[in-house]
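Before I ask anything, here is the structure I am working with.
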Amino acid sequence: MKTENQSLRTEFILLGLFQLGKMNTVLFVAISFIFSVALVGNIILIHLIRLDTRLHTPMYFLLCQLSFIDMMYISTTVPKMAVNFLLDTNTITFLGCGLQTFLFLTLGGTEAILLGFMSYDRYVAICHPLHYPVLMSNIICLSMVICAWASSSINALIHTVYVFQLPFCNSQPINHFFCEIPSLLPLVCQDTSQYEYTILLSGLVILLLPFMAILTSYARVLTVVYQMTSGKGQTKAVSTCSSHLIVASLFYGTTLSTYTRPHSFHSPEEDKVLAVFYSIVTPLLNPFIYSLRNKEVMGSLKRMVG
C-alpha cells in the first residue's frame, strides 16, 4: 500500500496562507507589495555595491551575496503563492515541490552561514583592524562564500532526496503556503521519528552554530567598543553591530523554532506565521537595515541619484 501511495502521488495540494475569507485580498496585496519592495531594495543595493568602487571591500562583497540570496529566497515562495491565489488553484507538482524544497533549504542554509561569516568580518574589522587585510583577504572572503553555498547545497540535496523517496499518503494536503520539510513530514505514511533527529542535527549545525558565533563575535566587539575613548567610534560600531543583530535574531529565532522542534510540537498555523518572518519579512528588512543605517551606502546612493 505504501508503494502505491508513493507512485500515485504526482502533485500536492497547498492549503496556503490565504484562509481568511474576505481578508484574503488584503493579505495578498500586502504580501505582493512586500515582495516587490524586497526585490527592488535588494537589486538597488547590489547595483550600488557593483558600481561604487568605494564599496569593493569584503564587507560589501558579503552583503552583495546576502542581497542576492534574499532575492532568490523570497522568489521561491511568493510567486507560486501569488499564482495559486490569482488562478484560484492550490496545487503544485511533485517535481515542483521537490525543487522548491531544495532551493529553499539551500538558500536558507547559505544565508544562515553567511550571516555568521559577516559577524566574523565585523569582529576582525573592529577588534583586529591592523590584521584585517590579511584575515579578510579576497581569497578568504571568496572561500567563505563558496563554503556557505557548497555546504548548504549538499545538506539540502540530502534532505530533499531522502524525503521525496518516502511514501506519501494521497489524501492529505500540505497545511502550508510552500513545500517545506516540517510541513511535508505529516504526509508521510511511515514513522519519521528517527529522521527528525537528522533534521535537528542539521538545524544545530547550520543554524545554531552560526548564531552562537554571531553572539560570541559581537560580545567581543561590544567589549572592545566600550573600551574606546572616541564616542564617535563607539556610535559607529554599535550601529553596525545592532543592525546585524536585529536581522540575525529575527532570522535565527524563527528558523530554529521551526527546524529544531519535534514534529509533535509543531502547529501548522504557528509554522506559517514563523515562515512568513524568515522567508518574507527578513528579505525585506535586510537591504534597508544595511543601507539606511550605513553612511557609506547612503552616500553612494546620493551620488548615484545626484
Side-chain angles (χ1 to χ4, degrees), residues 5-6 8-39 69-109 111 156 159-160 163-164 166-189 192 199 250-251 253-259 261 263-285:
N5 283 339
Q6 184 182 16
L8 292 177
R9 195 84 195 223
T10 59
E11 64 179 20
F12 293 95
I13 296 174
L14 291 167
L15 294 184
L17 189 63
F18 307 114
Q19 300 178 32
L20 301 176
K22 295 181 179 179
M23 288 296 294
N24 285 346
T25 303
V26 176
L27 186 58
F28 169 76
V29 171
I31 289 179
S32 298
F33 176 76
I34 290 173
F35 174 71
S36 301
V37 173
L39 280 186
I69 290 168
D70 282 334
M71 281 197 307
M72 298 296 294
Y73 198 40
I74 196 171
S75 296
T76 61
T77 57
V78 174
K80 176 59 179 174
M81 182 169 57
V83 168
N84 283 357
F85 177 81
L86 293 173
L87 299 181
D88 195 23
T89 182
N90 57 359
T91 60
I92 185 171
T93 64
F94 187 88
L95 179 61
C97 189
L99 181 60
Q100 188 179 60
T101 301
F102 171 74
L103 289 175
F104 191 82
L105 285 176
T106 298
L107 294 165
E111 176 157 344
H159 282 288
T160 303
V163 168
F164 280 86
L166 294 173
F168 290 99
C169 301
N170 287 315
S171 59
Q172 296 185 22
I174 301 174
N175 196 354
H176 212 326
F177 59 94
F178 66 96
C179 291
E180 190 176 27
I181 284 181
S183 63
L184 286 167
L185 291 184
L187 279 64
V188 176
C189 299
T192 59
I199 298 178
L250 179 63
F251 178 76
T254 52
T255 51
L256 281 168
S257 180
T258 298
Y259 284 92
R261 284 184 301 162
H263 170 63
S264 57
F265 287 89
H266 278 265
S267 163
E269 298 307 317
E270 183 180 336
D271 285 347
K272 282 190 272 191
V273 172
L274 291 173
V276 166
F277 279 100
Y278 59 75
S279 67
I280 298 176
V281 176
T282 299
L284 169 69
L285 293 179

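Note that the coordinates shown come from a computational prediction; the quantities given were computed from them, not determined experimentally.
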Exercise for the section: Taking the side chain as every heavy atom from C-beta outward, state whether Val276 and Val281 have any pair of such atoms under 4.5 Å apart. Expected result: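 A side-chain contact exists here, since the closest heavy-atom pair is under 4.5 Å.
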
Fill in the blank from the handout: Minimal heavy-atom distance between Pro283 and Ala38, with the atoms involved, is O-CB, 3.9 Å

Problem - Main-chain N/O of Pro182 paired with His266 side-chain donor or acceptor, under 3.5 Å - result: no

Exercise for the section: Taking the six-membered ring for Trp and the full ring for Phe, Tyr or His, determine whether the centres of Phe168 and Phe12 are under 6.0 Å apart. Expected result: yes

Problem - Heavy-atom side-chain proximity of Leu256 to Arg261 below 4.5 angstrom - result: no

Handout entry: Residue pair Leu184 / His176, side-chain heavy-atom distance below 4.5 Å
Key = no

Practice task
Measure the spacing between CZ of Phe85 and OG1 of Thr25 and express it to the nearest 0.5 Å.
Solution key: 4.0 Å

Problem - Euclidean distance, Leu284 CG relative to Leu39 CG, rounded to 0.5 Å - result: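 Rounded to the nearest 0.5 Å, the CG-CG separation comes out at 10.5 Å.
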
Handout entry: Heavy-atom check, side chain of Ile181 versus side chain of Leu185, under 4.5 Å
Key =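 In contact.
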
Exercise for the section: Name all residues meeting the side chain to side chain donor-acceptor pair (under 3.5 Å) criterion together with His159; count only those two or more places apart in sequence or in a different chain, and write none if there are none. Expected result: Asn155, Tyr195, Ser202

Exercise for the section: Could you check Tyr278 against Leu250 for side chain to side chain contact (heavy atoms under 4.5 Å, CB included), going step by step and ending with a plain yes or no? Expected result: CA-CA 7 Å; Tyr278 59 75; Leu250 179 63; over 6 Å; no

Problem - Atom pair OG/CG of Ser183 and Leu14 - distance to nearest 0.5 Å - result: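 Answer rounded to 0.5 Å: 8.0 Å.
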
Fill in the blank from the handout: Looking only at heavy atoms, the pair that brings Ile74 and Pro79 closest together is O-CD, 3.8 Å

Handout entry: Distance, nearest 0.5 Å, that separates OG1 of Thr160 from CG of Leu103
Key =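 Those atoms lie 8.5 Å apart.
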
Problem - Pairwise distance CG(Leu274) to OG1(Thr258) - rounded to 0.5 angstrom - result: 4.5 Å

Would you be so kind as to tabulate the donor-acceptor pairs closer than 3.5 Å made by side chains of residues 91-102, with sequence neighbours excluded?
unit_1: Thr93; atom_1: OG1; unit_2: Gly96; atom_2: N; d: 2.9
unit_1: Gln100; atom_1: OE1; unit_2: Cys179; atom_2: N; d: 2.7
unit_1: Gln100; atom_1: NE2; unit_2: Thr76; atom_2: O; d: 2.7
unit_1: Thr101; atom_1: OG1; unit_2: Cys97; atom_2: O; d: 2.8
unit_1: Thr101; atom_1: OG1; unit_2: Cys179; atom_2: O; d: 3.4

Problem - Pair Glu180-Lys272, salt bridge (charged side-chain N to carboxylate O under 4.0 Å, His left out): steps then yes or no - result: CA-CA 10 Å; Glu180 190 176 27; Lys272 282 190 272 191; over 6 Å; no

Handout entry: Closest contact, heavy atoms only, Phe277 versus Thr254
Key = CB-CG2, 3.8 Å

Practice task
Kindly assign one of parallel, tilted or perpendicular to the pair Phe104 and Tyr73, based on the angle between their ring planes and the thresholds 30° and 60°.
Solution key: parallel

Handout entry: Gap separating the CG atom of Asn90 from the NZ atom of Lys80, nearest 0.5 angstrom
Key = 9.0 Å

Handout entry: Verdict with reasoning, Ser279 to Phe251, per side chain to side chain contact (heavy atoms under 4.5 Å, CB included)
Key = CA-CA 9 Å; Ser279 67; Phe251 178 76; over 6 Å; no

Side-chain polar contacts of residues 26-37 - donor-acceptor pairs under 3.5 angstrom, sequence neighbours left out - could you list them?
unit_1: Ser32; atom_1: OG; unit_2: Phe28; atom_2: O; d: 2.8
unit_1: Ser36; atom_1: OG; unit_2: Ser32; atom_2: O; d: 3.0

